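Fair warning: this is a prediction, and the values are worked out from it, not measured in the lab.
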Amino acid sequence: AIIFTVLVVFGINKVTDLIFYVEKPSEAVYKVEAPSIKTASSSSSTSEAFNIKDFLALGTMEHGQKVFKKCTACHVVAKGGKNKIGPVLYGVLGRKSGSITDYKYSKALIAHGKVWSYEEMNGYLLKPAAHIKGTKMAFAGLKSEKDRASVILYMNSQSDNPLPKP
């Protein structure tokens, strides 16, 4: 009885496929275009320095401290803090990427090998996975320029040797 029922169900399925045959088109009728993300271009160093100055003017350290609370799930910014899921960020600006010895960085971040400048940190905080392909940081990024500028100013203040403001 069970075998007969299974055969009847499959038979009905085949018969309906023959009756209601739909020919699939060879190419898509419409195309979906993905939105493009605008990133800062580095066309010249003078305009870049001017742009980063204007960019940092959007933020405040107080706002940065509030926004940084999103980061505290994985990072510590206090002097002498311990690594969590992510490395300690005390004094991160002005430091070479992947340079804390007691933290296991992704191969991509170690290979990146740049110094964390205002511009570099801005690009990374916008979308970490796009800025350094292969990073293990799963954070989606900070879309708001004010939030990014504020977090950068806050992180720069958490250092023995903060970078000078441009």
Quick one: closest heavy-atom pair of [X] and [Y], and the distance?
X	Y	value
Val92	Trp116	O-CB, 3.4 Å
Ala1	Thr5	O-OG1, 2.8 Å
Pro128	Thr135	O-CG2, 3.7 Å

Rounded to the nearest 0.5 Å, how far apart are [atom1] of [X] and [atom2] of [Y]?
X	Y	atom1	atom2	value
Lys114	Ile132	NZ	CD1	8.5 Å
Ser150	Leu56	OG	CG	9.5 Å
Leu126	His131	CG	NE2	9.5 Å
Asn156	Leu93	CG	CG	5.0 Å
Ile110	Lys104	CD1	NZ	7.5 Å
Ile52	Ser117	CD1	OG	7.5 Å

So with a 6.0 Å cut-off around NZ of Lys84, is the heavy-atom count from everything else above 12?
yes
For Lys146, is the NZ atom crowded, meaning more than 12 foreign heavy atoms sit under 6.0 Å from it?
no
Is there a side-chain contact between [X] and [Y], using heavy atoms and a 4.5 Å cut-off?
X	Y	value
Ile100	Tyr105	yes
Arg148	Leu58	no
Leu125	Met155	yes
Val151	His63	no

Using the ring pair (Phe, Tyr, Trp, His ring centres under 6.0 Å) criterion, which residues pair with Tyr90? Sequence neighbours excluded.
none
Joint hydrophobic cluster, Val76 plus Tyr124, side-chain heavy atoms closer than 4.5 Å:
no
ILVMFWY network linking Val115 to Met137, side-chain heavy atoms under 4.5 angstrom:
no
With sequence neighbours left out, which residue pairs that include part of residues 65-85 fulfil the ring-ring contact (aromatic ring centres under 6.0 Å, His included) condition?
Phe68-Tyr154
Any donor and acceptor pair, going by atom type alone, linking the side chain of [X] with main-chain N or O of [Y] inside 3.5 Å?
X	Y	result
Ser97	Gly113	yes
Asn122	Ala149	no
Asn83	Val88	yes

In a table with atom names and distances, give each donor-acceptor pair under 3.5 Å that connects a side chain of residues 7-19 to protein atoms at least two apart or in another chain.
residue : atom : partner : partner atom : Å
Thr16   : OG1  : Ile12   : O            : 3.1
Thr16   : OG1  : Asn13   : O            : 2.9

